[in-house]
Amino acid sequence: MTRITAPPPPSSPPSSPPPLRHSPAQGTPLSRRRHSPSPSLALTPSSASTSAAAAAASSSSRPKARPSPRRAYAAAQWVSLPSHPAFSRGGDAGEGGGGGGGAAWDAAASRLYVWDPSARGVHRVSVRVRDAEAGKDGEDVAVEAALPSEMLMLEPDLGYKVTHISLNTDGSSLLLTGSHNISVMYVHERVSEDGDKIICRTVPVASQILPSNNDGIKVLQTLWHPFSSSHFGVLTSDAVFRLFDLSFDLEQPEQEFYLQPILPGKCQNASSICPVAFSYGSDHLWDRFSVFILFSDGSIFVLCPVVPFGSDYNKKHIQEIYEDVNTFGLKSSNQNLVTNSHLAIAWLEATFPDLLHQPADTNALMSRAHPYASLDDSLTLQGPLCRVCEENSEPESKSGSCEGKAVDFVYSSVGKDSVLVTAWGSGQLQIDALADEIQPQWSIGIPTRVNVDSHGQIKSVAMICDSNSEDSWAMQSYRPSSTGSNVKSNTEAVWMGHSPPLLRLAIVDLALPKTSSDSSLSLFLDPLVPERFYCAHGGGLDMVTLHFLPFSYPEMASTPPSVHPILTTGNSETNSPFLSGFVTISDVYGHVQLVSISCLGECFVVEMKGWKEPTPLQLDIESKSIKDVESFTTGMISKELITGPDPPIVPSSSSLRSLTPDSIEGKSTLHHYIKVFHEYYVEYGHKVFIELKEHADYLKTEIEDKQKRLQAVKQSLLSIEAKDNDINSRINRAFKVYDLLEKRIEGFKILPAANKKPLSRAEQEFKAQLDRFANVELDALRSSITALSARMKRIAHPSIGSAAGTGMLSWHTPKGGRSNVSDSQMSLLKSSLERLSILNEENNQKLKLIEHELKNQEQ
């Protein structure tokens with residue numbers, strides 16, 4: 001863990017900030033729509049192109065930017081980020097204050113936007129992460145900023161103090177928020193240029209709704225929607241949540257939700273109707289369509305479903321939600337739940353028509369939200385979310401857990417859990433998790449105000465969102481046993497028709513000083529580790545890490561959250577904010593860079609290495625010996641020497657003042673205290689000398705070990721370089737063999753058998769019959785022909801021999817003597833020979849046919 005202690009704010013800012021390393025690079029995924037492809041500010045000019053559809057839709061409010069002459073870009077000079085001139089200004093602390101809002105990060109282009117209150121502009125700084133020391137194998141990194149940087153000026157001037165800036169997902173629009181005003185700067189629409197100063201067009205937002213005299217409605221929070229680059233939400237002090245679309249209208253909101261957290265006649269506390277902050281849900285079931293709203297008494301309410309018109313969502317996730325509603329919502333015995341399920345199905349089918357009408361491109365991964373609102377019903381303000389009460393205990397009261405009022409709020413999706421963190425003005429952090437899934441709810445009979453155009457398309461909607469008192473009372477009796485192992489009860493609990501309860505994880509006390517007014521706290525999420533978040537306050541910056549989550553890490557139930565201070569101001573008695581800007585950046589090394597900007601304009605950069613921060617060491621005295629504990633600090637300087645000696649306690653007695661150095665008692669007392677000081681300080685110095693002397697040997701051993709490891713790594717690199725040529729030749733040879741195999745495969749494809757089709761059933765039977773002829777019957781036929789031929793030869797030889805002895809022909813019967821063969825036998829033999837010859841000819845024909853078929857089969 002890196003701990004940095006900043007000195008108390010001087011009267012004038014120092015010439016250079018503390019030499020702290022570590023800061024951002026490109027590690028965050030690219031956004032969906034990117035207008036400026038330039039990766040570096042100092043080498044490539046920013047693109048001035050914008051979306052054609054957005055320009056056509058807002059042609060009335062977005063005039064075409066005047067052309068400006070091109071300027072030449074010199075090679076960039078890189079300096080450390082804290083020493084950049086943008087952070088060397090002295091400044092108005094009140095102007096830059098606001099608890100962390102004067103900075104924004106563009107991950108796609110690796111650019112940092114910093115608001116300069118004195119120049120009334122925005123610094124755009126290109127940053128990079130490089131290897132600080134090449135000899136340490138990239139273990140240490142340094143963040144550098146490009147010189148010169150660009151200054152984005154406003155046209156016209158805002159006329160109010162900026163407390164918060166934020167950049168949309170594609171890096172094209174910068175939101176400038178004040179206490180009563182909102183403006184948007186189009187960073188790619190350049191009006192003119194003068195050297196490194198670029199004048200960008202700036203347009204006010206909701207000027208007809210927000211007062212121009214800084215009196216009346218107050219802007220509490222502005223936040224870009226995570227699923228759209230043109231939509232942002234605004235929460236104002238009149239308890240109205242508005243969703244604006246920059247591509248359509250900058251004056252009138254696209255969606256308006258008038259929040260009614262308390263039913264008429266039941267308001268008991270004025271703070272219960274004062275909103276404080278809001279947060280969007282993450283990519284989890286109905287959470288992605290939810291907006292969580294925090295009120296000053298700590299109550300949390302939910303609006304679901306809320307979807308920006310034209311935003312893109314994952315089609316697979318939408319299909320999963322649609323199947324879930326049809327499976328569980330329509331089978332409930334609760335009539336109100338069935339009604340809400342029908343409304344949810346109608347809302348999904350109308351908002352995402354792809355669910356019913358499959359488009360021509362069935363491979364599309366995203367589904368676009370279409371404008372829709374139920375005319376006869378409005379959304380229910382679900383809440384306040386009650387906490388899970390244990391058996392035989394009363395529901396937990398909000399006032400008994402944390403003091404003061406709620407000041408900030410953040411939502412985080414961690415694995416299977418949805419975590420809600422509330423910051424209180426007393427310096428406490430309340431951490432809760434949703435014990436069930438969020439479901440959409442509508443108030444039946446409360447109509448919605450819809451504004452349509454001439455073509456019947458919905459332009460904007462507005463509705464009054466009332467809370468449901470029956471829902472709150474029903475959840476007070478919620479027991480953990482209702483989500484037991486019974487499968488049927490779990491299936492019914494998926495759609496209970498109530499708001500999800502909260503499960504208390506922990507209450508973290510930051511031990512801030514008690515002041516008359518509440519402290520200003522700001523919460524920020526970690527971009528890489530979802531279990532980790534940061535809290536900025538007047539005393540500095542703290543990091544909180546969750547170790548127990550009810551659904552993701554149930555085995556860590558006994559492990560409390562760990563809190564580690566990262567930045568300390570040295571002045572803990574103030575409750576004013578210490579930081580005016582704070583961004584979390586994930587770099588290419590898998591680490592998180594924390595860029596903090598103080599109210600005086602100084603920059604601090606801290607590197608957080610994933611999960612390598614120190615976890616709380618829990619020692620079990622019964623199972624571990626002292627030897628095991630001391631093994632962790634081998635070779636390190638003891639903490640007693642680092643903290644210093646304990647000063648001797650000098651009694652504040654009035655008798656010491658009456659003693660004189662020349663008296664015997666005075667000399668004795670002086671000698672006594674000289675011995676005490678010698679024991680505490682001289683002996684401590686001797687211990688420090690001995691410790692440092694031994695520590696030098698330890699450091700020498702460590703350095704030698706590092707040198708040996710470095711030499712081994714260099715030898716490994718040399719061996720790898722020597723084998724590189726052999727590896728390249730083997731790769732080339734493998735490619736040649738691969739080409740040869742491809743050619744052989746192509747040659748095999750030309751052969752007749754390559755196009756041979758499988759035999760039909762009749763052909764397979766005929767083939768089996770031919771095989772039977774070839775193996776059995778053909779051999780028997782040949783043996784029969786051989787036997788008949790031998791018999792013919794035996795019969796023919798005696799007649800030929802007798803004819804040769806008498807000198808007469810074989811077919812003439814001798815006149816003298818009697819014939820050995822009768823005429824009937826001779827005729828029978830002739831007929832047998834004729835039949836045998838005929839059978840022989842037929843067999844020859846069959847044999848030729850079989851041989852022909854066998855040849856065809858072999859081919």
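The model shown is predicted, which means the values in this text are computed figures rather than measured ones. What you see below is based on every heavy atom in this structure, not just the backbone, and it leaves out hydrogens, waters and symmetry mates.
- The closest donor-acceptor contact from the side chain of Asn168 to the backbone of Ser173 lies under 3.5 Å.
- Contact annotation: the side chain of Asn314 never approaches that of Arg288 to less than 4.5 Å [non-hydrogen atoms, C-beta and beyond].
- Between the side chain of Thr545 and the backbone N or O of Arg532, no donor-acceptor pair lies under 3.5 Å.
- Without hydrogens or angle criteria, Asp287 side chain to Ser282 main chain gives no donor-acceptor distance under 3.5 Å.
- Atom OG1 of Thr584 and atom CG of Leu525 lie 7.5 Å apart (nearest 0.5 Å).
- The minimum heavy-atom distance linking Phe548 with Met556 is given by the pair CB-O, 2.9 Å.
- For the atom pair CG of Leu549 and NZ of Lys416, the computed distance is 11.5 Å after rounding to the nearest 0.5 Å.
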Just do the side chain to side chain contact (heavy atoms under 4.5 Å, CB included) check on Ser311 and His225 with the steps written out, would you?
CA-CA 9 Å; Ser311 56; His225 201 280; 5.7 Å; no
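- A search for ring pair (Phe, Tyr, Trp, His ring centres under 6.0 Å) contacts involving Tyr411 returns Phe292, not counting sequence neighbours.
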Under the side chain to side chain contact (heavy atoms under 4.5 Å, CB included) criterion, do Leu579 and Ile597 qualify, and how do the steps go?
CA-CA 6 Å; Leu579 301 178; Ile597 302 173; over 6 Å; no
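- Ring-plane geometry between His84 and Phe87 is classed as perpendicular, the angle between the planes exceeding 60 degrees on a 0 to 90 degree scale with a lower cut at 30.
- Shown here are the side-chain contact (heavy atoms from CB on, under 4.5 Å) partners of Val421, two or more places apart in sequence or in another chain: Val410, Val419, Ile431, Leu523, Phe533.
- To the nearest 0.5 angstrom, His188 atom NE2 is 9.5 Å from Cys200 atom SG.
- Side-chain contact between Cys603 and Leu81 is present, with at least one heavy-atom pair separated by less than 4.5 Å.
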For side chain to side chain contact (heavy atoms under 4.5 Å, CB included), just list the numbers for Glu531 and Asp526, CA-CA rounded to whole Å, side-chain angles, deciding distance to a tenth of an Å, and then say yes or no.
CA-CA 8 Å; Glu531 296 87 350; Asp526 192 284; over 6 Å; no
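- Atom OG1 of Thr568 sits about 11.0 Å away from atom CD1 of Ile566, to the nearest 0.5 Å.
- Of all heavy-atom pairs between Ala119 and Met153, the closest is O-CE, 3.3 Å.
- The shortest side-chain heavy-atom distance between Val127 and Trp105 falls under the 4.5 Å cut-off.
- Of the N and O atoms on the side chains of Asn732 and Asn728, not one donor lies less than 3.5 Å from an acceptor on the other residue.
- Residues Lys315 and Leu365 fail the side-chain proximity criterion, which asks for heavy atoms closer than 4.5 Å.
- With rounding to the nearest 0.5 Å, the separation of CG in Leu528 from CD in Gln593 is 10.0 Å.
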Working for side chain to side chain contact (heavy atoms under 4.5 Å, CB included), residues Ser596 and Phe582
CA-CA 5 Å; Ser596 307; Phe582 180 82; 3.3 Å; yes
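- For the pair Asp116 and Met151, the minimum side-chain heavy-atom distance is below 4.5 Å.
- Taking every heavy atom of both residues into account, Asp106 and Gly171 meet most closely at OD2-CA, 4.1 Å.
- Residues Leu505 and Pro550 form a side-chain contact, since some pair of their non-hydrogen atoms from C-beta on lies under 4.5 Å apart.
- Listed for the Ser580 side chain is a donor-acceptor partner under 3.5 Å among the backbone atoms of Ser598.
- Between the side chain of Trp224 and the backbone N or O of Thr169 there is no donor-acceptor pair closer than 3.5 Å.
- Scanning all heavy atoms of the two residues, the minimum distance from Val125 to Ser149 falls at CG2-CB, 4.1 Å.
- Judged by distance alone, the side chain of Tyr280 and the main-chain N or O of Leu223 form a donor-acceptor pair under 3.5 Å.
- To the nearest 0.5 Å, atom CG of residue Leu541 and atom CZ of residue Phe524 are 8.0 Å apart.
- Residues Asp354 and Ser367 come closest through the heavy atom pair OD2-OG, 3.2 Å.
- Side-chain contact between His537 and Asp542 is present, with at least one heavy-atom pair separated by less than 4.5 Å.
- Closest approach of Arg111 to Ser126, counting heavy atoms only: CG-OG, 3.9 Å.
- No side-chain heavy atom of Val592 sits less than 4.5 Å from a side-chain heavy atom of Val529.
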